[in-house]
Novice: 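One structure coming up, written as structure tokens, with questions to follow.
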Amino acid sequence: MARKSWFTWNPPCNPHGNVIDVASICQQSHEKGYLVALDSTLATPFLHRPLRNKDKSKRPDWVIHSYTKDISGSGSATAGGIIGESRRMFLPKNTESDDVRWDETLFWDVYYIKGAFLDADKSLDIINGLKTLENRMLSKCINTLVFSHYLDAHEQIQVNSHALSSHPNSDLREEQLYLGLPSPLFSIDMEKAHIPREAFIRFFDALEPAFGHMVSLGQSNTLILCPALTSHSEMDESAQKEAGIFLTTIRVAMGDENPRDLIRQFKACAKLHLDPVMPGFSEQFMSDEELDTMIRETHLDVHSRHLEFMSNASRQT
């Protein structure tokens, strides 16, 4: 009976984008007789490839991907996909394979009763999105590195992003994700600055339209929200603080725009709405020259490593 139990989770996790040790969790879960389902919405097949682990005990039994998010990139197709062994996915009625019966498979109810099939328009949207997934994710990861380091240079902004080498989740990011690139989701807060709530709200509201105000994530444009007031609003204040969520926490779901446009908007909003109550706040960001250097070096580093990996992979095949 234990083998019918499922263990599921979603790394990188919302709202901070933290990575967890997938291989270790899978191995320990399988030792206890659990089946493992991994929701890989944020990582996408580009950043995380757990089914390629040579040790089968360290692989999840199912990997779940959201087509709605980064895979399509448009957010207009409500759909998803699950990858797993055939015998655990679907078996013809009244049959079994090894120790799995047809009514113990993941999709027997879906196929026979609910008829979950994509229509043509959604399928086309997803197919088109898949063609640009690699380039879009590279841009998002680069933007995450740039924006995280830009904000971290400000003394009164706390950046919770494993893109920073000083972050406690950085080692797992290096180990688990492709080329050690960061998940395009992280959070910041301004608790150090003690900004009046009204000023923070004016600042946050002014970030739109450069930053989309949406609860979703994984789109081509950068989306932000305040978890304390939206996605995590049902948690009490003590639980929010334990989870690293404050009233000035902003979750950033990075897009693939030009990061200079986002940074200019962020700094302009800080100058307009935060400087009047916190004089000199906007002057603590890094200079334009430093930003240009960081963007150039980050692009060269990431693309060089990606090209080298792809070149080595093609020679091996």
Side-chain angles (χ1 to χ4, degrees), residues 11-12 17 19-24 26-27 36 38-74 77 79-86 89 118 123-149 162-163 165 169-185 218-220 254-259 294-317:
V19 180
I20 58 179
D21 192 343
V22 171
S24 178
C26 287
Q27 185 176 40
V36 182
L38 168 66
D39 182 345
S40 196
T41 293
L42 288 169
T44 76
F46 176 79
L47 275 180
H48 194 210
R49 304 160 189 184
L51 295 179
R52 295 188 182 183
N53 196 310
K54 294 180 180 179
D55 186 342
K56 186 176 180 180
S57 70
K58 296 181 179 180
R59 304 175 199 159
D61 299 284
W62 297 286
V63 176
I64 304 168
H65 288 294
S66 171
Y67 294 157
T68 308
K69 304 300 192 294
D70 280 305
I71 289 180
S72 71
S74 66
I82 302 180
I83 304 169
E85 290 183 313
S86 296
M89 296 289 285
L118 284 178
S123 299
L124 180 61
D125 188 47
I126 293 162
I127 290 172
N128 287 336
L130 275 169
K131 296 175 182 178
T132 61
L133 177 63
E134 177 182 315
N135 290 335
R136 288 186 286 108
M137 288 302 294
L138 273 177
S139 294
K140 285 191 173 196
C141 294
I142 289 170
N143 287 354
T144 300
L145 287 163
V146 169
F147 202 40
S148 296
H149 283 87
H162 61 209
S165 59
N169 198 232
S170 177
D171 289 344
L172 271 177
R173 181 255 303 162
E174 287 278 1
E175 177 186 330
Q176 297 279 333
L177 302 186
Y178 174 65
L179 298 181
L181 295 174
S183 166
L185 186 83
Q219 309 304 313
S220 293
M254 209 75 219
D256 52 18
E257 310 97 327
N258 186 332
M294 179 174 64
I295 290 175
R296 185 185 311 109
E297 291 178 350
T298 303
H299 269 271
L300 290 173
D301 172 62
V302 172
H303 281 286
S304 295
R305 290 191 289 126
H306 176 60
L307 289 171
E308 182 179 0
F309 179 90
M310 297 300 291
S311 178
N312 292 337
S314 65
R315 285 196 292 268
Q316 292 175 4
T317 57

Novice: List the atom of V302, the atom of L179, and the distance in Å for their closest heavy-atom pair.
Specialist: O-CD1, 4.5 Å
Novice: Output yes when a side-chain donor or acceptor of R173 lies under 3.5 Å from a complementary backbone atom of H162, and no otherwise.
Specialist: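 Yes, the answer is positive, given that a donor and an acceptor are paired below the 3.5 Å cut-off.
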Novice: Hey, could you give me the CG/CD1 distance between L133 and I126, rounded to the nearest 0.5 Å?
Specialist: 12.5 Å
Novice: If I take atom CG from residue D21 and atom CG from residue L172, how far apart are they, to the nearest 0.5 angstrom?
Specialist: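 Reported to 0.5 Å precision, the distance equals 5.5 Å.
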Novice: So, the side chain of D256 versus the backbone of K140: is there a donor-acceptor pair under 3.5 Å, distance only?
Specialist: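 Flag not set: sc D256 to bb K140 has no pair under 3.5 Å.
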Novice: Provide the closest heavy-atom pair for L177 versus P182 in the form atom of the first, atom of the second, distance.
Specialist: CD1-C, 4.4 Å
Novice: Checking the side chain of K58 only, and the main-chain atoms of L51 only, is there a donor and an acceptor separated by less than 3.5 Å?
Specialist: no
Novice: Would you name the heavy atoms of G129 and R136 that are closest together and state the gap between them?
Specialist: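 G129 and R136 have their closest heavy atoms at O-NH2, 2.8 Å.
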Novice: With side chains defined as the heavy atoms from C-beta onward, is the minimum distance between M89 and I83 less than 4.5 Å?
Specialist: no
Novice: What closest approach, in Å, do S183 and T144 show between heavy atoms, and which atom pair accounts for it?
Specialist: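 Closest approach of S183 to T144: O-CG2, 3.6 Å.
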Novice: Is there a donor-acceptor contact under 3.5 Å from the side chain of S314 to the main chain of S311?
Specialist: yes
Novice: Test your reading of the model: is there a side-chain donor-acceptor pair from R59 to the backbone of Q27, 3.5 Å cut-off?
Specialist: no
Novice: For a 4.5 angstrom cut-off between non-hydrogen side-chain atoms, does I127 reach S72?
Specialist: no
Novice: How far does OG of S139 sit from NE2 of H299, to the nearest 0.5 angstrom?
Specialist: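 Atom-to-atom, S139:OG and H299:NE2 are 7.0 Å apart.
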Novice: Any idea which heavy atoms bring M137 and L42 closest together, and the distance?
Specialist: CE-O, 4.4 Å
Novice: State, yes or no, whether a side-chain contact exists between H48 and V22 at a heavy-atom distance under 4.5 Å.
Specialist: yes
Novice: If you look at every heavy atom in I295 and P259, which pair is closest and at what distance?
Specialist: CD1-CG, 4.2 Å
Novice: From Q176 CD over to N169 CG, what is the distance, rounded to the nearest 0.5 angstrom?
Specialist: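 Between atom CD of Q176 and atom CG of N169 there are 9.5 Å.
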Novice: NZ/K56 to CG/D61 distance, rounded to the nearest 0.5 angstrom?
Specialist: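 The distance works out to 8.5 Å.
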Novice: Determine whether a donor-acceptor pair (N or O, by modelled atom type, separation under 3.5 Å) exists between the side chain of T68 and the backbone of A79.
Specialist: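 Pair found, side chain donor or acceptor close to backbone of A79.
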Novice: Can you confirm whether L130 sits close enough to Y67 that some side-chain heavy atom of one is under 4.5 Å from a side-chain heavy atom of the other?
Specialist: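 Contact flag for L130/Y67 side chains = no.
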Novice: Would you check if the side chain of N312 reaches a backbone N or O of E308 as a donor-acceptor pair within less than 3.5 Å?
Specialist: yes
Novice: May I ask you to test the H65-T41 pair for a side-chain heavy-atom distance under 4.5 Å?
Specialist: no
Novice: List the steps and the verdict of side-chain hydrogen bond (donor to acceptor under 3.5 Å, both in side chains) for T44 and D70.
Specialist: CA-CA 7 Å; T44 76; D70 280 305; 5.9 Å; no
Novice: Quick one: does N143's side chain have a donor or acceptor within less than 3.5 Å of a partner on G255's backbone?
Specialist: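 Indeed, once roles are kept as given, a pair shorter than 3.5 Å links the two residues.
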Novice: Side chains of S40 and I64: closer than 4.5 Å at any heavy-atom pair?
Specialist: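 No, too far: nothing below the 4.5 Å cut-off.
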Novice: Return the CD1 to CG distance between I82 and L38, rounded to the nearest 0.5 Å.
Specialist: 11.5 Å
